[in-house]
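Working notes for the structure below.
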Amino acid sequence: MQPVSIAIFVSNDEIPSNGDALYPFKQNSDLYWLTGIVQEDTMLVLFPDHPDPKYREVLILVRPNELKEKWDGKRLRAEEAKTISGISTVIWLDAHDALLQAWIHLAENIYLDSNENDRKSSLLQTREYRFIEETKKRYPLHRYLRAATVLKELRAVKTAEEVTVIRQAIDITAKTFLRVMKNMRPGMFEFEVEAEIQHSFLSQRATGPAYGSILASGENACTLHYVSNNQECKDGDLILMDFGAEYGGYNADLTRTIPVNGKFSKRQKQVYDACLHLHNYAKSLLKPGITILDYHVQVGREADQVFQKIGLLSKSDVKNSTPEQPAYWKYLYHGISHHLGIDVHDLGPRAEPLRAGMVLTVEPGIYIQEEKMGVRIENNIWLTKNGNVDLMKDIPITAEEIEAYMKRSKA
Ligand code: GLY
Ligand code: MN
Ligand code: MN
């Protein structure tokens, strides 16, 4: 932060659905990263140059109300919040305004947060944007700065502690995948697989799924965000399963594609092996120094070659393609990697070189509508100084490992 600056963070809204119902509360990711507090109506104020040291870091919480707690459960007491956040000054929301006004008058600059995720597309005016409007109206002569640009830098490189929590989310997800392979049978419905995943996550103390689990059998696998999960898993089909646990606020993001009956057909194995080749190739490139943009170009070139070998593209398809419309795009129409952390599609640079400490996915796919099948293989990778560590290296991934596990567990 620049000298004599105050930064103010607000929590997410509690979002209404219908009637008096609310969607489950999801904390603002930056506020969570800074405080660890998952409670509605929380605020954080940072003012490193405040003359009074006790106001350099202040957590603002809703005052616990006994009657409300009888309906909605306990809210944090000041001592509990201090333990969670490490912030020693806690004040109540109903008493914060006069204090905040005085602090703002001492500051030259005001940092406010907004959602600068490069995949964001919603136009809904969330609380942080309303707060920006209100604050600018009330304090028109201050200089305003973007907290998101700072948080983007901080959150992109994970600490060892963060990687430990991601590993826990991955461990829960890995055990869940083994259970799903064991119980997979032709005739099962996709939602039954989803139910197994949900049961496994919650019974291992995950918060829940990191995102809507994708259980896409047969041609459903060609729909990238297929979450209807309402079809029968048929003998002879593959099922693409993209799911991950959220644990301690951090996410795992796994995709495996397995044969519903436990055995890949010859063609399925050919396509699967091609996808695994691309996965391993991509992983070998994902190291500090490369940009996601360059990485995609290189993986794309390999995909053009691989897709010719399995009869999807011809030489002339590739020759006649352009960088804007590469040939492989017909069968692989999404990015290969994204940052992973508190958000499944986490903050992090695309155009600048990747750095040690970043965690990303590797997830090539091959989607063949005309053959009613799709394959994706996704692992989570931690970049180290000299290369990377595959945080999912112990999860069965080759066609042989998957077939052997499914056979053994059904014997
Ligand atoms: N499950 C979302 C993704 O893989 O990006
Ligand atoms: Mn995924
Ligand atoms: Mn992913």
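Remember, it's 1-based here, ligands and their atoms both numbered in the order they're listed. Quick caveat: nothing in here was measured; it's all calculated off a predicted structure.
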Atoms of type N, O or S from the protein that sit nearer than 2.8 Å to the Mn ion (ligand 3) number exactly 4
What residues form a side chain to side chain donor-acceptor pair (under 3.5 Å) with K68, not counting sequence neighbours? D72
Residue shell for ligand 1, any heavy atom closer than 4.0 Å, reads Y211, D242, D253, H338, H345, E363, E378
Scan the side chains in residues 300-308 for donor-acceptor partners under 3.5 Å anywhere in the protein, sequence neighbours excluded, and list what turns up.
| residue | atom | partner | partner atom | Å |
| --- | --- | --- | --- | --- |
| E302 | OE2 | H277 | NE2 | 2.7 |
| D304 | OD1 | Y328 | N | 2.9 |
| Q308 | NE2 | D304 | O | 3.2 |

Can you tell me how the ring of H50 sits relative to the ring of F47, calling it parallel under 30°, perpendicular over 60° and tilted otherwise? perpendicular
Could you state the interatomic distance from CD (Q198) to CZ (F191), rounded to the nearest 0.5 Å? 14.5 Å
Any D171 side-chain heavy atom under 4.5 Å of T173 side chain: no
Do you see a donor-acceptor pair shorter than 3.5 Å between the side chains of N115 and E128? no
Looking at Y405, I'd like to know if the NZ or CZ of K182 sits under 6.0 Å from its six-membered ring centre while staying within 45 degrees of the ring's axis. no
For a quick check under 3.5 Å, do Y211 and D242 share a side-chain donor-acceptor pair by atom type? yes
Do E363 and H334 have side-chain atoms, one donor and one acceptor, less than 3.5 Å apart? no
